[in-house]
Amino acid sequence: MKALCEKPRIENRPRASSPMATTQLLSTVEHRETLPEGYARPESDRPRLAEVATDSNIPLIDLASPDKPRVIAEIAQACRTYGFFQVTNHGIAEELLEKVMAVALEFFRLPPEEKEKLYSDEPSKKIRLSTSFNVRKETVHNWRDYLRLHCHPLEEFVPEWPSNPAQFKEIMSTYCREVRQLGLRLLGAISVSLGLEEDYIEKVLGEQEQHMAVNYYPRCPEPDLTYGLPKHTDPNALTILLPDPHVAGLQVLRDGDQWIVVNPRPNALVVNLGDQIQALSNGTYKSVWHRAVVNAVQERMSVASFMCPCNSAVISPARKLVADGDAPVYRSFTYDEYYKKFWSRNLDQEHCLELFKGQ
């Protein structure tokens, strides 16, 4: 990253289209060598980067393998034990992945006045540029700027996407279409791996919404004191992450107490299970706790694509996965009910699904 961190200066000036001056965005301020006030975590809640482990057994699944039963078995094992896996030969061209990362970085390097047009701290707004996670609620901020884009149906949302950089809409919409097809394919494989019909999960989730978070993590002067994002699970069904190919930052929790680093692999995507898959599987599959850390040497990008149930979808464990006479782990709920509850809390509180356990 071109610069180190300085506390944002809030100017007393009339507000234009944004409710907050763009000096709040980390990508618009000049930085210095100490962490600004409001970003340092309490000592008990710091990343302890020296204690993070590596894991040579992180699941890596070749989706082009002709041995389909083996692929399904590998997905099942990954979902039971890790809650995430990496995929290669996923059908999205490496050239497109490179273009996505390049145009995303170009966006975050735009002048402040360009980015100010899209700034909002309203969590329900479907297309917005913001910072941290939920700046209206949180007491400690996260070292991240992000562009939130809703992606389905594309024709409804693309007109409101950034027009600068010039190729942004074309590149991102192409990627959205392809990653959606991959997501539906993966949901089918996860259904089969649970012993369900291939289209079971897709039918339950309904006409799925899709949105993206284009994340920018600036170089940080004191990465041991803060997070890009603290530990959390994803409230949706499935997340497909395009990681920075050169800079690691994603970490996942193993066995409840050990953080492991997820190093990027060439042309691989990371697939995270979300809370809805854990609920549908009656707890057989795990929605993985994960976090994003930052570093003092390099900036980092990532693009997370979220496959989400329609708001009216009723989520409950598949009957086939509940033993006769046993109560399901989770009660039925709508995705709208779940999502509102998720956003009403802090990101790193207890697992939101705990609030939906059966009585």
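Each residue takes its place number in the sequence, starting with 1.
Side chain of H90 to main chain of N267: a donor-acceptor pair is present (N/O by atom type, distance under 3.5 Å, no hydrogens or angles). Distance alone, capped at 3.5 Å, is enough to place a donor-acceptor pair between the E222 side chain and the L35 backbone. At least one donor-acceptor pair under 3.5 Å links the side chain of R144 to the backbone N or O of S132. Looking only at distances, a side-chain donor or acceptor of K115 sits under 3.5 Å from a matching main-chain atom of S27. The closest donor-acceptor contact from the side chain of D199 to the backbone of E202 lies at 3.5 Å or more, if one exists at all. A donor-acceptor contact shorter than 3.5 Å is absent between the side chain of H246 and the backbone of D244. Using a distance-only test at 3.5 Å, with no hydrogens or angles considered, no donor-acceptor pair links the side chain of T28 to the main chain of P112. In this structure, the side chain of N282 engages the main chain of V329 through a donor-acceptor pair within 3.5 Å. At least one donor-acceptor pair closer than 3.5 Å links the side chain of K320 to the backbone N or O of G195.
Note that K231 lies in the cation-pi zone of W289, set by a 6.0 Å cut-off to the ring centre and a 45° limit from the axis.
Between R291 and W259 there is a side-chain heavy-atom pair separated by less than 4.5 Å. Taking the side chain as every heavy atom from C-beta outward, Q251 and P47 never approach each other to under 4.5 Å.
By the neighbour-count criterion of 12 heavy atoms within 6.0 Å, atom NZ of K169 is densely surrounded, having more than that number from other residues, nucleotides or ligands. Counting heavy-atom neighbours within 6.0 Å of R265 CZ, excluding the residue itself, gives a total of 12 or less. Crowding of E337 atom CD: a count of heavy atoms from other residues, nucleotides or ligands under 6.0 Å exceeding 12.
Residues Y175 and V214 share a hydrophobic cluster, clusters being chains of Ile/Leu/Val/Met/Phe/Trp/Tyr side chains in contact below 4.5 Å.
Aromatic ring orientation, F356 versus Y338: tilted (interplanar angle from 30° to 60°).
Between the CE atom in M307 and the CG atom in N236 there is a gap of 9.5 Å [rounded to 0.5 Å].
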